[in-house]
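Let me begin by presenting the structure, written as structure tokens, before commenting on it.
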Protein chains: 2
Amino acid sequence: MKPAAVKEKLKEAGMKITPQRIAVLQALVDNHHHPSAEELIKIIRQIHPNISVGTVYQILNTLVSKKVIGKIETDDNVVRYDAIIEKHYHLYLDNKQKILDYFDDGLTEIIMNYLNRNDKLKNMNIEDVNIQIIGRSKKHQGN
Amino acid sequence: MKPAAVKEKLKEAGMKITPQRIAVLQALVDNHHHPSAEELIKIIRQIHPNISVGTVYQILNTLVSKKVIGKIETDDNVVRYDAIIEKHYHLYLDNKQKILDYFDDGLTEIIMNYLNRNDKLKNMNIEDVNIQIIGRSKKHQGN
DNA sequence: ATATATGCAAACTCTTTGCATCGTT
DNA sequence: AACGATGCAAAGAGTTTGCATATAT
């Protein structure tokens, strides 16, 4: 993604445009592998060797709170980030080594309809559903 | 749950029966609120004031690896534990302050059938699906 | 000019590890 | 008696915080 577009995203979020923020957001947008903060820092330091860990965390938190980016919770207890904020799910492949995006509004609808008809849940308003699909690639299938 | 039953679970898992292990498992089994390690330590220390943090973590890890208990990943980046290992989902209520169990094999089946028919996923073997249902209690509904 | 972001280091939380001691089988 | 579990303290990740300095608007 072009730097100009990255800047535009920051501007839309009402954030001041700084080189660090551009670098963080750019790194995330260009890496579709749902990097952790640590991975992002490595990537960003290739260009901004002096950026500090605290700054990156702070920028990421700000971006999340402004809904410019998303957070994914994985079960290795490390927070990962996601440049895509449209509703989508994640495929955890091959012992969760690979995390792929999975867009499927139809699935959301089916689940929502099902849940909303469920008497067991009539005491709650369902706001959202998250799904993790765990599996294994069919090619080079180990084990 | 009675201590005898707790011991039985440990025995079935092939674990040595120690007072600490009984205490940890008992505390988890009796607290259906998906406690974190820290919360468990507090509970356990009411009876075993001297149990060490490291021991509790180690016992929890052993229990998880022997599939006596389960782990839940939450997005506060704290691991929570679950005495129930049968397949079930979680309802995150009221800003995720409350986590309730939700059993629904029908839902699992619907999703699995749907996913298995999906061409986009034909390159993977789907092994499991996890769902988090996020919502709000209808009573005392704030905001 | 003002408000806000950054850099840095230190602090904090949660979890793991190493090793001597102790308890279960 | 042998093996494995515990206690303790220290180390280790990952993340947050505080404050002086620098930068964007």
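Letters A, B, ... are given to chains in the order of the sequence lines, protein chains preceding strands, and every chain is numbered from 1.
For the pair B/Leu115/A/Tyr102, a side-chain contact is recorded, criterion being any heavy-atom separation below 4.5 Å from C-beta on. Considering only heavy atoms from C-beta on, B/Lys9 comes within 4.5 Å of B/Met1 through its side chain. Under the 4.5 Å side-chain criterion, counting only non-hydrogen atoms from C-beta, A/Leu91 is in contact with B/Met124.
Not a single salt bridge (Lys or Arg N to Asp or Glu O under 4.0 Å) links A/Glu8 to another residue, sequence neighbours left out. Partners of B/Tyr81 according to the side chain to side chain donor-acceptor pair (under 3.5 Å) rule, which considers only residues two or more places apart in sequence or in another chain, do not exist here. The side chain to side chain donor-acceptor pair (under 3.5 Å) check on B/Asn130 picks up B/Lys87, with sequence neighbours excluded. By the side chain to side chain contact (heavy atoms under 4.5 Å, CB included) test, A/Ala13 is found to be paired with A/Met15, A/Lys66, A/Val68, residues two or more places apart in sequence or in another chain being considered. The ring-ring contact (aromatic ring centres under 6.0 Å, His included) search around A/His34 returns A/His90, not counting sequence neighbours.
Connectivity analysis of hydrophobic side chains (ILVMFWY, heavy atoms under 4.5 Å, direct or indirect) links A/Ile84 to A/Phe103.
Within residues 56-67 of chain B, the residues having any heavy atom under 4.0 Å from DNA chain C are, by residue number, B/Tyr57, B/Asn61. Residues from residues 25-36 of chain B placing a heavy atom under 4.0 Å of any atom in DNA chain C do not occur.
Rounded to a whole Å, the CD1 atom of B/Ile41 is 11 Å from the P atom of D/dG7. Here D/dT25 presents its C1' atom at 14 Å from NZ of A/Lys7, a figure rounded to the nearest Å. Whole-Å rounding puts the A/Tyr81 OH to D/dG14 P distance at 12 Å. A straight line from CZ of A/Arg21 to C1' of C/dG7 spans 14 Å, rounded to a whole angstrom. Rounded to an integer number of Å, the gap from CD of A/Glu38 to P of D/dG14 is 4 Å. Distance, B/Asn50 CG to D/dT6 C1': 12 Å, rounded to whole Å. At whole-Å resolution of the value, CG in A/Leu10 and P in C/dT4 are 16 Å apart. The interatomic distance linking A/Lys71 (NZ) with D/dT16 (P) rounds to 7 Å, in whole Å.
Residue B/Thr55 places at least one side-chain N or O closer than 4.0 Å to OP1 or OP2 of D/dG7.
Of the candidate nucleotides C/dC14, C/dT15, C/dG7, C/dG7 has the atom nearest to the side chain of A/Ile51.
Axis angle, first five pairs versus last five pairs of the helix from C/dA1-D/dT25 to C/dT25-D/dA1: 40°, rounded to 10°.
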Please tabulate, one pair per line, all N/O donor-acceptor pairs under 3.5 Å involving side-chain atoms of residues 53-60 of chain B, not counting sequence neighbours.
{"residue": "B/Thr55", "atom": "OG1", "partner": "B/Ser52", "partner atom": "OG", "Å": "2.8"}

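With no hydrogens or angles considered, a side-chain donor-acceptor pair links A/Asp104 and B/Tyr114 at under 3.5 Å. Looking at B/Asp82 and B/His88, their side chains do bring a donor and an acceptor atom within 3.5 Å of each other.
Note on residues 16-38 of chain A: no pairs pass salt bridge (Lys or Arg N to Asp or Glu O under 4.0 Å), not counting sequence neighbours.
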Got a list of protein N/O to nucleotides 22-25 of chain C N/O distances below 3.5 Å?
{"residue": "C/dG23", "atom": "N2", "partner": "B/Lys16", "partner atom": "NZ", "Å": "3.4"}
{"residue": "C/dT24", "atom": "O3'", "partner": "B/Ile17", "partner atom": "O", "Å": "3.2"}
{"residue": "C/dT25", "atom": "OP1", "partner": "B/Ile17", "partner atom": "N", "Å": "2.9"}

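Around the NZ atom of B/Lys120, the shell of radius 6.0 Å holds more than 12 heavy atoms that belong to other residues, nucleotides or ligands.
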